[in-house]
Every structure is written in structure tokens, then in C-alpha cells.
**Student:** 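The following block contains the structure, expressed as C-alpha cells.
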Number of protein chains: 2
Amino acid sequence: MQDHEQIFSRFLAKKGLRLTLPRKQILDAVFSLHSHFDAEQLFDVLRIRNAEVSLATVYRTLPLLLESGLIQHSMRQESRDIYEHIFGHPRHLHWICRQCGSVSETSLDNIMPFLERAAQEQHFELEDFSLNLMGLCWRCKNENRNQ
Amino acid sequence: MQDHEQIFSRFLAKKGLRLTLPRKQILDAVFSLHSHFDAEQLFDVLRIRNAEVSLATVYRTLPLLLESGLIQHSMRQESRDIYEHIFGHPRHLHWICRQCGSVSETSLDNIMPFLERAAQEQHFELEDFSLNLMGLCWRCKNENRNQ
DNA sequence: TCCTTGTTGAGAATGAATCTCATATATTTA
DNA sequence: TAAATATATGAGATTCATTCTCAACAAGGA
């Protein structure tokens with residue numbers, strides 16, 4: 001029964017930190033979301049859930065969640081850092097439309113072996129990475145064509 | 001003789017804009033650099049070269065250079081946007097060490113076909129992308145081991 | 001020459017992210 | 001159990017890269 005709370009709790013303990021109520025609430029809020037989020041959106045979710053957690057604590061907890069491997073930094077959009085949680089689903093890349101801002105995903109299965117081999121060649125210890133592809137989604141591409 | 005100035009000038013003309021002295025000086029400064037740079041560093045180079053260009057104009061010109069394809073956004077480090085110019089050298093990915101901040105590069109030749117095929121499948125018009133790999137460089141990895 | 005449009009510098013404004021600090025709450029030690 | 005130590009938190013101030021505003025200026029066309 002390796003649930004998120006347990007993983008986070010162990011991670012914190014290893015660092016001499018505690019799984020407090022605010023941290024628990026933030027963790028729950030993160031895993032209640034099924035898409036990308038930024039700090040402010042996460043804060044809104046917490047307010048809706050009547051969790052009395054300050055924005056400062058949200059910002060303080062995000063790096064911990066990152067380091068624990070429970071969430072990942074997925075991209076940067078409109079000068080905000082966007083995150084997403086990881087529940088065992090495979091790593092993916094993001095297709096970001098510069099016109100409508102939509103984001104879709106694709107599996108990275110075909111790329112991973114290449115990256116891992118390249119890292120080995122460099123003697124680089126790969127911890128995290130991001131692959132973001134910017135351009136026009138099919139919707140906007142068609143829309144522009146019809147004008 | 002397709003030099004950068006000509007490329008930029010044509011790009012600007014197409015948009016009804018002019019290649020002014022400040023823009024020319026910024027372009028020169030960009031191509032005088034042989035590594036990554038951010039807006040502030042570019043501004044410093046301009047000051048050293050006695051080019052009287054304001055920081056605001058630097059920030060205003062960067063998006064133009066991006067759109068013209070002469071530079072690309074290479075990554076974000078310490079909450080600053082980092083750019084690099086492109087002079088025909090192939091696209092590459094970045095290995096970013098989280099400890100010493102060093103950045104090294106690798107060719108993307110092996111990945112490009114995959115990305116292009118994936119884009120076609122999605123009917124996505126790929127304009128730009130970034131692949132950044134974070135972790136520990138061999139130097140820091142060894143250093144940590146010896147402690 | 002007049003008019004429209006693009007350009008610039010200087011400084012103000014923005015806003016995400018971080019920091020400060022006084023106060024609380026655990027955990028350890030005596 | 002009490003005192004000492006270390007960790008957490010909220011509220012608001014602060015930072016700092018980036019963007020915006022605005023007045024002055026320049027170029028090109030009618």
C-alpha cells in the first residue's frame with residue numbers, strides 16, 4: 001500500500017522534516033487534479049476545499065514535492081511555472097499551441113532509450129528533463145487557413 | 001551573401017518594420033557572443049561596445065530576433081530566460097548540471113526524425129522546441145562521491 | 001509640409017516567486 | 001515534566017526579470 005502520503009512522509013522523514021496538515025492538504029489537492037497546474041491554481045483548489053494553507057506554504061511545498069519525485073515541472077507558460085503530478089503514468093512530452101495555449105501529450109517511450117544512452121556516454125546523471133514542442137495545433141492551423 | 005543583417009532586415013521589412021541603428025547594434029552584439037546569454041548580459045555587451053541602447057529596447061528586440069529565427073530560446077536558468085544565436089549549426093539539446101550550473105550540448109540528429117514524424121501524426125505545425133536534461137555532470141558526480 | 005506610423009529611452013508598473021519575522025508546534029534533552 | 005532545540009506557518013514585505021507607458025523623435029508617403 002504505497003500511497004502518495006506514505007511516499008511523501010518517508011521522503012520528508014529522511015530529510016528530518018514532518019508531514020504536517022498543510023503539507024498533507026497540499027498533497028491531496030495536487031492529486032485531486034487531473035491536469036497541469038501552477039501554484040496559484042493549486043492555492044485556489046485549497047481554498048475551495050477549505051484548507052487554510054497560505055500561498056507561501058504552497059510555494060514552499062512545491063520544491064519538496066518535486067524533490068520527492070511525486071510531481072514534475074512540466075513547462076513554463078505565460079511566465080508561470082506549470083507542474084503535474086506523476087502516478088506511475090509514463091513520462092510524456094508536451095505539444096504547446098502558441099495561439100490557443102492548449103497542451104496535449106505524447107508518450108516518450110521511443111525517445112527514452114536514446115536519452116539514457118546519451119546520458120551514459122556523457123557520464124551525466126540524469127535526474128529530470130523536459131521536452132516541449134511549440135507551434136500550432138491542428139485546430140488553430142485550420143482556423144488560420146480559413147481566414 | 002546572406003548575412004545576418006540582411007536576413008533580419010528582410011524579416012523586419014516584411015512586417016513593416018525598419019532595421020534601425022539600435023536593432024543593428026543588438027544584432028551585432030548577439031552574434032559577437034559565442035555562448036548562451038540573457039537580456040542583461042546582452043545589455044552589458046552593448047555598453048562595453050559603447051552602443052547607446054536601452055534595456056527596454058533589448059527586451060523589445062529579443063522577440064523579433066526569435067521570430068526571425070536568428071536566435072532561439074535555449075532554456076531558463078535562475079529565473080532568467082537564456083537565448084543563443086543560430087548560425088546554421090544544428091539544433092542541440094542541453095545538459096544542465098543542477099549543482100555547478102554548467103551547460104553542455106549534444107546534437108539532436110537522432111531525435112529530429114522522431115519529432116517530425118510525431119508532429120505529422122498529430123497534425124501539429126512544429127515551430128520550435130526545447131529539450132533540456134537536468135541532473136549532475138560527471139564532474140559534480142565524482143566530487144560528491146569523494147566526500 | 002503635413003500626417004501617419006514606427007522607434008526609442010527613462011522610469012513606472014507588474015507579478016510570480018522568495019524572503020522575513022514573529023509566532024506556533026513538534027521533538028529531544030536534562 | 002519542563003526546558004531547549006529545531007521545524008513550520010501565515011502575513012505581508014521584498015525582489016527582480018520583464019513589460020508597459022508616455023513623451024519625444026524620425027522616416028516615408030501624400
Side-chain angles (χ1 to χ4, degrees), chain A residues 5 8-30 36-47 49-68 71 73-83 98 101, chain B residues 5 8-30 36-47 49-68 71 73-83 98 101:
Chain A
E5 224 169 275
F8 196 37
S9 172
R10 279 188 193 145
F11 164 81
L12 291 169
K14 224 180 283 177
K15 305 198 64 156
L17 306 176
R18 296 187 283 272
L19 181 55
T20 58
L21 181 60
R23 284 176 182 156
K24 218 177 282 188
Q25 290 174 322
I26 290 168
L27 184 68
D28 286 349
V30 162
H36 307 103
F37 62 89
D38 63 27
E40 207 75 34
Q41 288 171 325
L42 187 53
F43 183 58
D44 288 343
V45 170
L46 286 160
R47 299 191 73 212
R49 297 178 142 220
N50 292 316
E52 297 206 350
V53 178
S54 74
L55 188 54
T57 298
V58 170
Y59 273 109
R60 272 191 284 244
T61 306
L62 283 171
L64 294 173
L65 288 167
L66 274 175
E67 203 186 333
S68 75
I71 68 173
H73 181 264
S74 75
M75 65 189 142
R76 186 151 232 274
Q77 231 181 355
E78 289 157 39
S79 68
R80 270 184 258 107
D81 283 315
I82 315 278
Y83 305 88
R98 71 158 155 82
Chain B
E5 222 169 277
F8 197 37
S9 171
R10 279 189 194 145
F11 165 80
L12 291 169
K14 223 180 284 178
K15 302 197 65 151
L17 307 175
R18 294 188 284 272
L19 181 53
T20 59
L21 180 61
R23 282 176 183 157
K24 218 177 283 187
Q25 291 175 320
I26 291 169
L27 184 66
D28 287 349
V30 163
H36 307 104
F37 62 89
D38 62 28
E40 207 76 33
Q41 288 170 326
L42 187 53
F43 183 58
D44 288 343
V45 170
L46 287 160
R47 299 191 73 211
R49 299 179 139 217
N50 292 317
E52 298 206 350
V53 178
S54 73
L55 187 55
T57 299
V58 170
Y59 272 109
R60 272 191 283 242
T61 307
L62 284 172
L64 295 173
L65 287 167
L66 273 175
E67 203 186 335
S68 74
I71 68 173
H73 180 264
S74 76
M75 64 190 141
R76 185 149 232 275
Q77 232 181 354
E78 289 156 39
S79 67
R80 270 184 256 106
D81 283 315
I82 315 279
Y83 304 89
R98 71 159 154 80

**Student:** How many Å lie between CG on B:Leu62 and C1' on D:dA17, as a whole number?
**Tutor:**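 Value for this atom pair: 12 Å.
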**Student:** What is the distance from CD of B:Gln41 to P of D:dT18, rounded to the nearest Å?
**Tutor:** 11 Å
**Student:** Using every non-hydrogen atom in the two residues, find where B:Phe11 and B:Leu64 come nearest and quote the distance to one decimal.
**Tutor:**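 That closest heavy-atom pairing would be CE2-O, 3.4 Å.
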**Student:** With pairs taken as Watson-Crick or G-U wobble and both distances under 3.5 angstrom, which stems of at least three consecutive pairs involve DNA chain C?
**Tutor:** C:1-30 with D:1-30
**Student:** What residue pairs, at least two apart or across chains, pass side chain to side chain donor-acceptor pair (under 3.5 Å) with a residue in residues 14-28 of chain A?
**Tutor:**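 Residue pairs passing side chain to side chain donor-acceptor pair (under 3.5 Å), neighbours aside: A:Lys15-A:Glu67.
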**Student:** Please give, in whole Å, the distance from D:dA11 P to A:Arg47 CZ?
**Tutor:** 10 Å
**Student:** With a 4.5 Å cut-off on side-chain heavy atoms, are A:Ile26 and A:Leu65 touching?
**Tutor:** yes
**Student:** Please identify each residue that fulfils side-chain hydrogen bond (donor to acceptor under 3.5 Å, both in side chains) with A:Ser79, with sequence neighbours left out.
**Tutor:**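 If we apply the side-chain hydrogen bond (donor to acceptor under 3.5 Å, both in side chains) test to A:Ser79, skipping adjacent residues, there are no hits.
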**Student:** How far apart are the closest heavy atoms of B:Leu42 and B:Phe37, and which atoms are they?
**Tutor:**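 Reported closest heavy-atom pair: CD2-CE1, 3.8 Å.
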**Student:** For each nucleotide in nucleotides 23-30 of chain D, reading 5' to 3', give B when a protein heavy atom comes within less than 4.0 Å of its base, S when such contact involves only the sugar-phosphate, and - otherwise.
**Tutor:** --------
**Student:** Calculate the interatomic distance between A:Leu17 atom CG and D:dT5 atom C1'; express it in whole Å.
**Tutor:**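 Rounded to whole Å, this separation is 15 Å.
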**Student:** Can you confirm whether B:Phe8 sits close enough to B:Val30 that some side-chain heavy atom of one is under 4.5 Å from a side-chain heavy atom of the other?
**Tutor:**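 No, side chains not in contact.
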**Student:** Look at the aromatic rings of A:Tyr83 and A:His73 and report parallel, tilted or perpendicular, splitting at 30° and 60°.
**Tutor:** perpendicular
**Student:** List the atom of B:Asp38, the atom of B:Arg80, and the distance in Å for their closest heavy-atom pair.
**Tutor:**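 So the two residues come closest at OD2-CD, 3.1 Å.
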**Student:** Write down the distance between CG (A:Leu19) and P (C:dT27), rounded to a whole number of angstrom.
**Tutor:** 11 Å
**Student:** Starting at atom NZ of B:Lys14, determine the distance to atom P of C:dG6, rounded to an integer number of angstrom.
**Tutor:** 18 Å
**Student:** What does nucleotides 8-23 of chain C look like as a protein-contact string, B for base, S for sugar-phosphate only, - for none, at under 4.0 angstrom between heavy atoms?
**Tutor:** BBB-----SBBBB---
**Student:** Give the minimum heavy-atom separation between A:Val58 and A:Ala39, together with the two atoms involved.
**Tutor:** CG1-O, 3.9 Å
**Student:** After noting the C-alpha distance and the side-chain angles of B:Met75 and B:His36, does the key distance pass the side-chain contact (heavy atoms from CB on, under 4.5 Å) rule?
**Tutor:** CA-CA 9 Å; B:Met75 64 190 141; B:His36 307 104; 4.1 Å; yes
**Student:** What residues, two or more places apart in sequence or in another chain, satisfy side-chain hydrogen bond (donor to acceptor under 3.5 Å, both in side chains) together with A:Thr57?
**Tutor:** A:Ser54
